[in-house]
Amino acid sequence: MVAGNPERIGTFVRLFELELGHVPVVLYRCSETGLRVALAGVKSPTVHGYICVQTEAFDDYGCPHTLEHLIFLGSERYPYKGVLDVVANRCLAQGTNAWTDVDHTCYTVDTAGSEGFLRVLPVYLDHVLFATLKDSGFVTEVHHITGEGADAGVVYCEMQARENEAEDRMDRATRMAAYPGTCSYKSETGGRLKELRDLTNEMVRDYHKAYYRPDNICIIVTGQVGIEALCGAVTPVVDAIRNSSRIKALPPLVRPFSSPVEPPNSPISSTIEFPAEDEKTGAIVEFAWHGPRWTDYENLLALTLVLTYLTQDAVSPLQKAFVEASPPLCGRVSFSLTEQTVYLVTLKLKNVDVEQLSSRDVGEELAEQLRKVAASDGSGIDMSRMHSLIRQQRRQHLSALEEDPHELFSGELISCFLYAPEFAPGLDASYATAGAEFEKKFDVPARLEVLLGWTAERWASVCTRWLLGPESCPRVTVVGKPSKACGEKIQAEDAARIEEQKQKLGEEGCKKAAEAVEKADEENDVETPDEVAQQFAVPDVASIKLIDVATVSNSADGTWEALSVTDASSLKAHLEANSACASTPMSLRFDHAEGAQFVECQVMLPLEILSERQLALLPLWCEVAFELPMAASNAGPAMSFEEVVQALSDTTVWKDFSAGLGGGRFSVGEAGNMLV
């Protein structure tokens, strides 16, 4: 517990304050409007803001996603498309962004320093709460009919590109099976094409009125900014809320996602098709179960580790059974835990061989592997490997705290805003356990320490409880097969629908549709007046506190040279005292940040000595390099591939091979002439 923040700042009342990982976290709630402001004091030159709205949909019209787009077209106070990005750029931000998930929509902005952030925040919040939502914006951003009689619109085209992709069709089939009856978790919040064609702007306005309300919004900020200044920046919007007849007339808020989530009554299996040119490979098999409740932190972490044990690396049981087998059934096995009131657990086999799929009972093969791991005497659990994975999980958490604390703290705060009891609307400072859920959820190392004491039998029971036994949720199995005919059918049906639509409109109707789009474009494309932009002074960059990094590199003559403005004398002296560093023929550079607990090493090797044939095989080698046996050398004795995998799991947080910095499997990154 930390102290120092005032109990009240204007109309904002402090609900809790904590210190986690040397980062102070505080939550305030406006006593008049219910608007919440959370601040995590991450030490960084940038300030990151997240305006999070909990959005629930029971249909596929896509209102959450359409609003994500329409919010940026102007507000009642700033009725200009693009004004938000104009202001953000003047406040030292690279524009704004947003995302829509099944349970929330989040609007983001990152600025250099706090001065610009405090200026752009009230403008952004004004857009979220008081969006213009004009018909012209709906026409261009969501859906319209073109002069050729086809359907278009930014949102429509985005979903058109996604709806029939393999992953989207699989996800929808899995959710429809996993959530029988009425359940918002199976809705397509992005919008299905059929429903988007029927969606109206009035429906979007009604949705905005229902969910975009101050007591259903949390402003989450990470970075170096004072809480009093932050609450002060929001105060003008609080005044606007206070004066809004629309908001004052709203009924009491029922927290979204409060309804029970019912599992299927019995196991469900289904087969679907998705468009693909190659019908021989690329199939997908997905298994799903309902998992622990959101507040069941221990079981959730334990299940995460069991799934990691089952799928991570070439030595895992499911990798051995399905990927490393001869012939392999699939190219990859992975898992996911989707955060909801009750988590959705999925195991997925990708790039499955279609011929083998038709002749094998993959579901039974999975169950057989799970039964081996879940043996009641614990014989199916390699405790040495399990302990290694626990320690790796701990390193990953601590690394995230150092590498990207903005993402870590914002993610945890968004999660708690959506589901933690202490973030429920209407709670005030008298709530007895304020802050306890957030503290408990964040303290992953403490839970991992407890799990280190678990027996093999206890780990086996986790597999039984959630994936295999009578207490587990009935399993959903969805098999997705690639089909050329499926793609051709979708294209033919859509072409026929558009032709029918065109005939129904007629030449005159198509002409009117084109004119409507042109008129909407003209209405939307009004430039932001200079006097509006000039209201926002550009912050003084001298006020931005950068992270001090000492940099030293070696010279050809073996001496060390300091390259940074930050004092690097102690780092240089340390390297000069190390004879091994001084005698190396390699070019070395060391960057040191005070307080860092992790070491990141990048080795760059020139590729010009490789033949054309070797270069062609390089992506394949990069894919398997960390799973190959090692010959004996001066660095150590020979190691089997299992020992290599285990050693890397014991010592690393992440590892990667690529051609160039940031290269991918089929792409070259920067400095593409080097292996990194």
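When reading the values below, keep in mind they use all heavy atoms of this one structure, side chains included, and skip hydrogens, waters and symmetry mates. Numbers here simply count residues along the sequence, with the first being 1.
Under a 3.5 Å cut-off, the side chain of Arg475 and the backbone N or O of Phe287 do not form any donor-acceptor pair. In this structure, Ser472 contributes its side chain and Trp466 its backbone to no donor-acceptor pair below 3.5 Å. Using modelled atom types, no side-chain atom of Asp101 and backbone atom of His104 make a donor-acceptor pair closer than 3.5 Å. In terms of modelled atom types and a separation under 3.5 Å, the side chain of Glu471 and the main chain of Arg465 share no donor-acceptor contact.
Annotation: salt bridge (Lys or Arg N to Asp or Glu O under 4.0 Å) contacts involving residues 332-349, sequence neighbours excluded, comprise Glu167-Lys348, Glu286-Lys348, Glu339-Lys441. Counting only residues at least two apart or on different chains, no side chain to side chain donor-acceptor pair (under 3.5 Å) pair has a member in residues 625-636.
Considering only residues two or more places apart in sequence or on other chains, Val342 meets the side-chain contact (heavy atoms from CB on, under 4.5 Å) condition with Val261, His290, Arg293. Taking the ring pair (Phe, Tyr, Trp, His ring centres under 6.0 Å) definition, one finds that Phe626 meets it with Phe657, sequence neighbours left out. With sequence neighbours left out, the salt bridge (Lys or Arg N to Asp or Glu O under 4.0 Å) criterion links Arg162 to Asp168, Glu188. In this view, Leu620 satisfies the side-chain contact (heavy atoms from CB on, under 4.5 Å) rule with no residue, not counting sequence neighbours.
Looking at Trp294 and Ser415, their side chains do bring a donor and an acceptor atom within 3.5 Å of each other. Between the side chains of Gln319 and Gln312, no donor N or O sits under 3.5 Å from an acceptor N or O. Judged purely by distance below 3.5 Å, without hydrogens or angles, the side chains of Ser379 and Asp377 pair a donor atom with an acceptor atom. Side-chain contact annotation: Thr46 with His48, donor-acceptor N/O pair under 3.5 Å present. When only modelled atom types and interatomic distance are considered, Asn97 and Thr108 share no side-chain donor-acceptor pair under 3.5 Å.
Here Glu365 pairs with Arg360 in a salt bridge; the nearest charged N to carboxylate O distance falls below 4.0 Å.
Smallest separation of non-hydrogen atoms from Arg385 and Ser316: NH2-CB, 3.5 Å. Here the closest non-hydrogen pair linking Glu643 and Ser640 is OE1-N, 2.8 Å.
You'll find the side chain of Leu337 stays beyond 4.5 Å of the side chain of Leu344, heavy atoms only. Looking at heavy atoms from C-beta onward, Arg589 lies in side-chain contact with Asp591 at the 4.5 angstrom threshold.
Under the 6.0 Å cut-off for aromatic ring centres, Phe442 and His397 qualify, their centroids lying closer than that.
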